[in-house]
Amino acid sequence: MSTTVTKLEKLVGKRIKRKEDPRLITGTATYVEDVKLPDMYHAAILRSPHGAANIKSIDISKAQALPGVVAVYTGADILGVGSVVCAADLPGLRRPVHHILAQDRTYFVGHAVAVVVAKDRYIAADGVDLIEVDWEPTQAVTDPEKALAAGAPAVHPEWPDNTAFVHNQEGGDMAQAFADAEVVVRQRIVSQRLIPNAMETRGVVADWKQADKSMTIWTSTQIPHLARSILAGQLGLDENRVRLIAPEVGGGFGSKLNVYPEEALMGFVSMKLHKPVKWIESRRENFQTTIHGRGHVDYLEIAAMRDGTILGLKLKLIQDLGSYLQLLTPAIPTLSVLMMPGLYKFRNISAQVIGVFTNAVPTDAYRGAGRPEATHGIERMVDMLAAELGMDPVEIRLKNFAGKDDFPFLTAAGLTYDSGDYAATLDKALEMIDYKGLRAQQAQARAEGRLMGIGISTYGELCGFGPSPATPAGGWESATVKVEPSGKVTVMTGCSPHGQGQETAFAQIAADELGVPMDDVIVLHGDTSIVQYGIGTFGSRNTAVGGAALHYALQDIRDKAKRFGAKMLGVEDGDVVLADGHCTASNGTSVTFQQIAAAAYRGIVIPTGSEPGLVATRFWEPSNFAYPYGAHIIVSEVDAETGQIEIKRYLAVDDIGNIINPLLVDGQLHGGVAQGLGQALWEHGIYDDNGQLVSGTFMDYAMPRARMMPWVESAHTVTPSPVNPLGAKGVGEAGTIGSTPAMVNSVVDALAPLGVRHIDMPMTAGKIWKLIQDSSIQEKKA
Amino acid sequence: MIANSFEYSAPGSLKEALALLAEGAKPLAGGMSLIPMMKLRLANPEHLVDIGRLPELNYIREENGELHIGAGVTHFEVESSPLLLGKCPLIAETAAHIGDIQVRNRGTIGGSVAHADPSADYPAALHALDAKIVLVSGEGTRTLSTEEFFLDTFTTALEPGEIVSEVIVPVDAGLTGTSYQKFLQPASGFAIVGAAARVRQEGGKFTLVRVGMTGLSGNAYRARNVEDALVGKEVTDANIQAAAALVADGQDASSDLHATAEYRAHLAGAYTARALRAALARSA
Ligand SMILES: Cc1cc2nc3c(=O)[nH]c(=O)nc-3n(C[C@H](O)[C@H](O)[C@H](O)COP(=O)(O)OP(=O)(O)OC[C@H]3O[C@@H](n4cnc5c(N)ncnc54)[C@H](O)[C@@H]3O)c2cc1C
């Protein structure tokens, strides 16, 4: 046998357009809303309009009497369904029971009280309006610091101090660091509540088949398998008789890394009525009832020597949890503690996290989840320390970075960073942006009375979640590679990509390893009846963990293909190489990968000790997180007359390890930066003292639009991660993490001549204008 | 986010539409303000009459030195009309500031003025242009000045059964310079403040000054105090600055999540000055 072998171009590392896009662009993707089943009912949910209230009585008779309404259920009906699950644990954690419909009290605006099931969604909505609830509003508390004060209203009456947990972590000897310090800088820093607002709101279709005792649930989730396990538990069903499908998912950002009341509720309704039922979340419900992000008040103290050497960092973190614990709510602030040393080598930390109940929707993982808050804290404190010491922000960073020879680097918070060269990445950024030239321009601008700022953030993050012991439900990932007799390849990943582009990236990886055209590879995910158990998509883990599992499954396929090839060529196993889609013996004869696949299924030529077929499944457990890092620099100018901030330049130099597809990386980075700038400049989930969500629509919640975004200049340094075989780190959250401190540092730098030291986010024009007014008034007084 | 049920009619003529409106039906034009309110169940009309498709309300024409814009003309049509761009650039420039392209493709000038949102863009320009609003009902037609028409927050001189049929603006090209300057509310894109200015100068003096302001308070208004402070005065930046600073005088500045009353009033002055300067630069 002989074929001509042509050298194939490597696809990994190439800027390749997304395989996902044609169906999205042509509007032919299937989202939950597109799932339409025969005889399907529609549900709408009555929600509490109050921040806190007792339900004295509910009268559903008028809703029941509305023609087209099939059923109405309230809290009394659902007690047989398990409550909403929080998978995170901390010592002494207080866990409020979170029923899928409220019992005799509601705890936040939007709290689900009753469900109306009807023949169409319009009748269901009308039915909701006909339910009469006798409310007794009670006093709400929404500010976490006020909730901690003596005499504050109790969110959960059984815990009058509103404290869900107190978590302490020490590293080194912070008391000694303070004793040794020549200078201590203190600041209260707020990371405000943010509302994730994925483009697709949540939605659920549940379809119970009584005869088979089987349930199919379509839901817009990032974690199909975990959601299936949890929902089977809540509904008392066998896990193998629950099929969960995450069809096209229009964004999540952590908000769909959760299992919400409505998922079990639709299962319950379908089981009651023996009919499929659909619920689609409205945008308003999405604002009010899908988890929020951040919600930190941080009290930070940095201890240092006059030469700029940092000795340690102390943090008191007040986390606004909202009224309940969603899947990971209490775990998120503990990630902030893990990342509080940033990229620096100081040895001492002391942290206390206080988890506080408030009359608000729960907070949970939102793009970056704990790391943006930590990065914002350390990167602001380092800048404030530099200002205090009269040092350049670059100089202080270079002085305190972990060195390139320090890896693996054990941090004061107990993590082991995998690889990096922090100074080199910062140097590259400084050179690209001409830092010296910029400082000269700034001096000129200041002389002209213009407010120009240069802000640097050198962020680090932990991603590639993660080693299983560090996660509540397993941190490995799985992959199956199934080669068909024709040699076409199907990859099944336990990840659940929903915008990240793994259908493309994983096809590149598989095509390279097997020497097949990329178009011969399809990637399936998100259906528990098709895909082996997997963990899902969050924490920038798809490539670093899911990609690694795929890599090993592909090695198994290669090994087996080589044995078949050797047998077909009549040579020893060790005498062949598999490259460029061919298995070639040292004598020059070869067979194609497709011929091998055909033979593997034909079953006539079977290598000794092997078996027919060409399928492999691997589960891969990472030994550590991966630690991307980078340097973001923002040049800004503030209009002193209006307080408006203009971003003149945005430069991001990121080290995310090896890059599979630069186009996907750009997309992740741009989106991340947009979300970070959204937090830094505009977005704010605001509850008033009565518990009303006052920024609860897009008329008031200022998510950035394309026209508000700067051009992002981007470059990379590459220090491969030794943790996984791809050397990849992760980029899903980097932009969100690196951007906020760069933005705030830039504006604080612009306003430094006015004596401004710190600004809390969002830095709205009105806030900046007021700062300028107040400081000029002070100047006049002085 | 689902409206109550309602009846919908799409009559073929203005006459038919007016007959239905006389029975208490509510007009629907582009739906860009009405439909969101219905989805939130803040407005619950029982009967909608679609006047957005009536050819009789869809025209832009010049007559006797004036420009007539039918109520059904969309913001995008105003923004891109060669006639308006050439002869009344302020109205076209202002239309281009409204919302996004989807909104401008559906929303109409008649709907915008009838809605009288205190942050809408058109009212500022219409005040500055000495525009006239023409109303029609089964009873007949009447023509009002902007100050007669815009009465208060979401409140106009429209009587039940009456609709806006057209807006009349002057042919304004030549010596007059105009500008609309808007400070965007970052979430909604509506104006926190929007200042429209129209100026003429002769021999180094202001001979005509018109200033319309939106967003600052509950109702857009013509800032006569600013106008009076400039007419006849020398064209200097100091005069502009001093006059613009008067714009918020006597107004009850609104306060919300996005701007305190103090900040809004300050912005009103700053944006009035910007609009005046830009208008001046465009005047011959
Ligand atoms: C996302 C978004 C952003 C927007 N941004 C802006 C902005 O930046 N600036 C701005 O100015 N506006 C903005 N708008 C509002 C927009 O300009 C609307 O189009 C306008 O306010 C209403 O015009 P319409 O034709 O859509 O009227 P409709 O919504 O159909 O009607 C509005 C009201 O006017 C009545 N009505 C309609 N036509 C007439 C008529 N001819 N006579 C009497 N009554 C009538 C209706 O009964 C209703 O009460 C925005 C809207 C949206 C949805």
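Throughout, a chain's letter reflects where its sequence line sits, starting with A, and its residues are numbered from 1.
Using a 4.5 Å cut-off between heavy atoms, A270(B) contacts chain A through both its backbone and its side chain. Contacts of I686(A) with chain B are made by side-chain atoms alone, with heavy-atom separations under 4.5 Å and no backbone atom involved. Using a 4.5 Å cut-off between heavy atoms, A765(A) touches chain B through backbone and side chain atoms alike. For I192(B), no part lies near chain A; criterion is any non-hydrogen pair under 4.5 Å.
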Could you list each N or O donor-acceptor pair linking chain B to chain A at a distance under 3.5 Å?
unit_1, atom_1, unit_2, atom_2, d
R41(B), NH1, D126(A), OD1, 3.2
R41(B), NH1, D129(A), OD2, 2.6
R41(B), NH2, D126(A), OD1, 2.7
Q185(B), NE2, M699(A), O, 2.9
A187(B), O, R705(A), NH2, 2.3
H258(B), NE2, D700(A), OD1, 2.9
Y263(B), OH, T642(A), O, 2.5
H266(B), NE2, E641(A), O, 2.5
H266(B), NE2, W769(A), NE1, 3.1
R274(B), NE, E641(A), OE1, 3.2
R274(B), NH2, D639(A), OD2, 2.9
R274(B), NH2, E641(A), OE1, 2.6

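When each of G766(A), A44(A), G643(A) is checked for heavy-atom pairs under 4.5 Å with chain B, G766(A) comes out on top.
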